[in-house]
Amino acid sequence: MKNEMTLAFDSISENEAFARVAVAAFVTQLNPTLEEVADIRTAVSEAVTNAIIHGYPSEVHTIVVRARLQEDLVEIQVNDEGVGIPDVKRAMEPLYTTRPDLERSGLGFMFMEAFMDEIRVESAPGLGTTIHMKKRVGRGEQHQEGS
Amino acid sequence: MGILEKRGGRLIVHLPRELDHHYTEEVRRRVDAALRTEAIWELEFDFSGTAFMDSAGIGLLLGRARMMRALEGRMFVSHMNEQIRRILALSGIEQHIRLEKEEYDEK
Ligand SMILES: Nc1ncnc2c1ncn2[C@@H]1O[C@H](COP(=O)(O)OP(=O)(O)OP(=O)(O)O)[C@@H](O)[C@H]1O
Ligand SMILES: [Mg+2]
């Protein structure tokens with residue numbers, strides 16, 4: 001099975017819940033485990049929150065979330081056309097944050113990495129950021145049957 | 001939103017259903033106002049009604065733990081579900097601050 005969806009919404013904090021719930025609902029078509037859905041929800045929440053807080057720090061603009069399902073693979077992209085990240089490697093280090101003043105603690109990328117199989121960050125200062133994430137889901141049951 | 005409950009010197013914070021960037025803001029504002037104006041030596045974050053937390057919740061807890069340490073008080077978290085336990089464990093929050101992860105038992 002193959003299925004795709006795209007969401008475009010304003011970068012306001014009310015939409016953090018909307019985005020993670022919508023993606024989680026879309027993914028249920030692949031019969032993921034509860035834990036896998038929780039993982040995806042958290043990763044989407046982190047990426048979307050980053051776009052809102054860091055990508056568009058002072059203005060409301062559009063965030064685009066795409067999800068694609070193919071076989072047991074979930075691919076998710078979260079895009080903003082905001083300020084971008086000057087040093088992606090550094091930004092992804094655990095506990096690195098540019099906004100300690102907002103009580104951010106630099107864990108967002110670490111959670112995305114922990115909960116998804118793959119994450120790739122595409123970013124350029126002044127142009128924006130796209131987070132690409134992948135995760136295989138719904139294989140827990142098959143695994144149990146086989147063992 | 002009746003999220004704060006005061007019992008003697010203990011403040012219990014009944015957290016909202018989802019503890020993300022959006023929902024932490026009001027919790028932070030209300031807890032900080034209480035810590036500024038009332039005598040509190042024990043702060044409990046009760047996750048009974050909370051289904052979801054992300055890094056914003058960790059930031060909230062770390063910030064309040066720092067404040068409680070300055071007040072020479074204690075801080076607890078209680079009744080976390082599996083998703084929230086995993087987030088807490090991954091964050092390493094127990095190592096960086098003295099966060100006592102205990103269920104509060106009524107005596
Ligand atoms: N979409 C984005 N646009 C611009 N900068 C970003 C974006 N996403 C992340 N960053 C930068 O990367 C840093 C690390 O992000 P990460 O999510 O790991 O931590 P944080 O958001 O600062 O804190 P936390 O997620 O724990 O609340 C951020 O502080 C910010 O500087
Ligand atoms: Mg973040």
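Chain letters run A, B, ... following the sequence lines, proteins first, then strands; residues in each count from 1.
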### Task
Please look at A:T49 and chain B and tell me whether the side chain, the backbone, both or neither of the residue comes under 4.5 angstrom of a heavy atom of that chain.
side chain
### Task
Please state whether the side chain, the backbone, both or neither of A:R41 comes within less than 4.5 Å of a heavy atom of chain B.
both
### Message
Heavy-atom cut-off 4.5 Å, strictly under: side chain, backbone, both or neither for A:L102 against chain B?
### Response
backbone
### Message
Working note: B:N81 + B:F52, criterion side chain to side chain contact (heavy atoms under 4.5 Å, CB included); need CA distance, chi angles, decisive distance, verdict.
### Response
CA-CA 9 Å; B:N81 73 12; B:F52 176 86; over 6 Å; no
### Query
Just checking, any donor-acceptor pair under 3.5 angstrom between side chains of A:H61 and A:E81?
no
### Query
In terms of heavy-atom proximity below 4.5 Å to chain B, should A:S105 be classed as side chain, backbone, both, or neither?
side chain
#### Entry: A:K135/A:E36 salt bridge by N-O under 4.0 Å criterion
no
### Query
Looking at B:R64, B:M53, B:E25, which has the largest count of heavy-atom pairs under 4.5 Å with chain A?
B:R64
### Query
Is the closest basic N to carboxylate O distance between B:R7 and B:E5 below 4.0 Å?
yes
### Query
Got a salt bridge between A:D117 and A:K134, using NZ or NE/NH1/NH2 to carboxylate O under 4.0 Å?
no
#### Entry: Residue, of B:A51, B:S55, B:G59, B:A56, that accumulates the most heavy atom pairs under 4.5 Å with chain A
B:S55
